[in-house]
K.L.:
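Below are the structure tokens for one structure; questions will follow.
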Amino acid sequence: MNTYWAYYLLDRLGASPSAFGVIMGVGGAGGVAGALLAPRIAARIGIGPTIIVGFAVSPLAQVPLLCARPGLRWQIVLAATLAVQLFWATASGTSQRSLRQALCDPAFQGRMQSASTTLTAGARPLAAATAGGRGARGGCEGTLRRRGRPWGA
């Protein structure tokens, strides 16, 4: 999804580069807040629910992008939505790493973290190539609406 955000906002929704920067900045602030508050959230609702909420919020946070139209009101909605998405993504990610560290023998934590990083970061080039192919085939908006469906769907 992140592959399409910039293109869709700038090209299809007509956001200015400054508005795009503000939207991304607000989203980033949400991410920082999520990282800082993750321990408190996990202590209050539990580490499992924190991780699950993070997984649930991400796809739901894409809905406003699909409904958005050009204009300041939608830019505000998208900035707030991105902040909420990144808040929960970082709270969830921080909780996942904390859980892995608690469960993993200290002698293997470096290997555990490197394997996790390799799997997640290693998939990014494939995801970007797939997104490019799907975008070329079905257009940006069509691809956003088909999220998660196979190529032919």
K.L.:
What distance do Ser16 atom OG and Leu9 atom CG have between them, rounded to the nearest 0.5 Å?
P.N.:
10.5 Å
K.L.:
Looking at every heavy atom in both Ala61 and Gln85, which two are closest together, and how far apart are they?
P.N.:
CB-CB, 3.6 Å
K.L.:
Give me the atom names and distance for the closest heavy-atom approach of Cys104 to Met112.
P.N.:
SG-CB, 3.9 Å
K.L.:
Measuring from atom CD of Gln75 to atom OG of Ser18, what distance do you get when rounded to the nearest 0.5 angstrom?
P.N.:
10.5 Å
K.L.:
Which distance, rounded to the nearest 0.5 Å, do you find between the OG1 of Thr50 and the CZ of Arg44?
P.N.:
11.5 Å
K.L.:
Counting heavy atoms not belonging to Arg100, are there more than 12 under 6.0 Å from its CZ?
P.N.:
yes
K.L.:
Taking all atoms of both residues into account, what is the closest heavy-atom pair of Thr94 and Ala35, and its distance?
P.N.:
OG1-CA, 4.2 Å
K.L.:
Please report the closest heavy-atom contact between Leu86 and Gly28, naming both atoms and the distance.
P.N.:
CD1-N, 4.0 Å
K.L.:
Working to the nearest 0.5 angstrom, can you tell me the gap between Ser95 OG and Trp88 CH2?
P.N.:
8.5 Å
K.L.:
Do you know which two heavy atoms are closest between Pro64 and Thr81, and how far apart they sit?
P.N.:
CG-OG1, 3.6 Å
K.L.:
Quick one: pull up CD1 in Ile52 and CD1 in Ile47 and give me the separation to the nearest 0.5 Å.
P.N.:
11.5 Å
K.L.:
Between Val53 and Leu37, is there a shared hydrophobic cluster once you connect ILVMFWY residues whose side-chain heavy atoms come closer than 4.5 Å?
P.N.:
yes
K.L.:
What's the separation between atom CG in Leu13 and atom CG in Leu78, rounded to the nearest 0.5 Å?
P.N.:
7.0 Å
K.L.:
Please name the pair of heavy atoms, one in Tyr7 and one in Arg12, separated by the smallest distance, quoted to 0.1 Å.
P.N.:
OH-NH2, 3.3 Å
